[in-house]
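Here the structure is laid out as structure tokens; the discussion comes afterwards.
So you know, we letter chains A, B, ... as the sequences are listed, proteins then strands, and number each from 1.
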Protein chains: 2
Amino acid sequence: MSKLKKIPKGKVLNCIRRIRLARTNLTQAELGKLVGATRQTIIAIEAGKYAPSMELAFRIVREFEVPFDEVFSFDPDGS
Amino acid sequence: MSKLKKIPKGKVLNCIRRIRLARTNLTQAELGKLVGATRQTIIAIEAGKYAPSMELAFRIVREFEVPFDEVFSFDPDGS
DNA sequence: ATATAATGTCCAAAATGTTTGACATTGAGC
DNA sequence: GCTCAATGTCAAACATTTTGGACATTATAT
């Protein structure tokens, strides 16, 4: 009688790539350097391989000068 | 010639405790259960010991039914 | 005074995010 | 053709977040 409600982890979505290309001329490596991360990390996050830490997420939206929720959203049932 | 610009990690601030007590009657354990985390995790995050993952942060603001930036903010130079 | 709920602490292990270095692919320009 | 910058991939180390269990403190109620 499985009464255990498993909370699905959900998936964090982002449009970093779109904003990076639309609002800046930054490469992944350059963005990484500006926000204190490596280019591999930017690649992985843009590709949705994993969600960034809160700190990194805030540094990214700050660099872009856009509101947080314009870059990151949440799909509760995703993946 | 230290040309290395260290990006400070910065500190993520939250007012989970205030909202939990003001807008809900939830205990830390109950909130934890609702958002799929343990009570130790809620305690640590409320106490500012570390920032939550993106997933957990989104599940929390979702439970509270308040905008993301009403709960979480960023102090770029903090700690 | 003792019972109970809520909060807090500590610790080790598990899970997730990040770095480093190396190498592969793609597209643009010469 | 070739070169070069940008992007992508992989694996191993490392850092941070999360868990589970045990135990302590505080306040409230009986």
>> Nearest heavy atom decides the nucleotide; on that basis, is B/Thr27 or B/Ser53 closer to the 5' end of DNA chain C?
In response: B/Thr27
> Whole Å only: how far is the CD1 atom of B/Ile42 from the C1' atom of D/dG20?
Replying inline: 15 Å
>> Please report the distance, rounded to the nearest Å, between CZ in A/Phe72 and P in C/dG17.
In response: 12 Å
> Between B/Thr41 and D/dT17, is there a side-chain N or O to OP1/OP2 distance below 4.0 Å?
Replying inline: no
>> Both B/Leu26 and B/Lys49 contact DNA chain C. Taking the nearest nucleotide for each, which residue is further toward the 5' end?
In response: B/Leu26
> A/Arg17 has a side chain; which of D/dG8, D/dT18, C/dG17 sits nearest to it?
Replying inline: D/dG8
>> Please determine whether residues A/Leu26 and A/Phe72 belong to a single hydrophobic cluster, defined as Ile, Leu, Val, Met, Phe, Trp and Tyr linked transitively by side-chain heavy-atom distances below 4.5 Å.
In response: yes
>> So which atom in A/Arg59 and which in B/Pro8 form the shortest heavy-atom distance, rounded to 0.1 Å?
In response: NE-O, 4.1 Å
>> Categorize B/Ala44 for me: base, sugar-phosphate, or nothing, with a 4.0 angstrom heavy-atom threshold over every strand shown.
In response: nothing
>> Strictly below 4.0 Å: does A/Arg39 bring a side-chain N or O up to OP1 or OP2 of D/dA5?
In response: no
>> Considering every strand and a 4.0 Å limit on heavy-atom distances, what is the contact class for A/Ala47: base, sugar-phosphate, or nothing?
In response: nothing
> With a 4.0 Å cut-off on heavy atoms, is B/Gly32 in touch with a base, just the backbone sugar-phosphate, or nothing at all?
Replying inline: nothing
> Taking CD from A/Glu55 and C1' from D/dT17, how many angstroms apart are they, rounded to a whole number?
Replying inline: 10 Å
>> Tell me which one of A/Arg18, A/Arg20, A/Arg39 satisfies salt bridge (charged side-chain N to carboxylate O under 4.0 Å, His left out) with A/Glu46.
In response: A/Arg20
> In whole angstroms, how far is the P atom of C/dT16 from the CG atom of A/Leu56?
Replying inline: 18 Å
>> By the 4.0 Å heavy-atom rule, please label A/Ala51 as base, sugar-phosphate, or nothing.
In response: sugar-phosphate
> Roughly how many Å is it from CD1 in B/Ile43 to P in C/dC10, rounded to a whole number?
Replying inline: 12 Å
> At under 4.0 Å, does any side-chain N or O of A/Thr38 touch on OP1 or OP2 of C/dT20?
Replying inline: no
> To the nearest angstrom, how far is B/Leu31 atom CG from D/dT18 atom P?
Replying inline: 13 Å
> Is it true that A/Glu55 and B/Lys11 have a side-chain N and a carboxylate O under 4.0 angstrom from each other?
Replying inline: no
>> Evaluate A/Val61 against A/Asp69 for side chain to side chain contact (heavy atoms under 4.5 Å, CB included), listing each step before the verdict.
In response: CA-CA 9 Å; A/Val61 305; A/Asp69 61 304; over 6 Å; no
>> I need the CZ-C1' distance between B/Arg59 and D/dT17, as an integer number of Å.
In response: 12 Å
> Side-chain N or O of A/Arg20 less than 4.0 angstrom from OP1 or OP2 on D/dA6?
Replying inline: no
> Within the pair A/Gln40 and D/dG8, is there a side-chain N or O less than 4.0 Å away from OP1 or OP2?
Replying inline: no
> Whole Å only: how far is the OH atom of B/Tyr50 from the P atom of C/dG8?
Replying inline: 13 Å
> So which nucleotide from C/dT19, D/dT7, C/dG8 ends up closest to the side chain of A/Gln28?
Replying inline: D/dT7
> Are A/Val66 and A/Phe68 connected, step by step, through hydrophobic side chains (Ile, Leu, Val, Met, Phe, Trp, Tyr) whose heavy atoms are closer than 4.5 Å?
Replying inline: yes
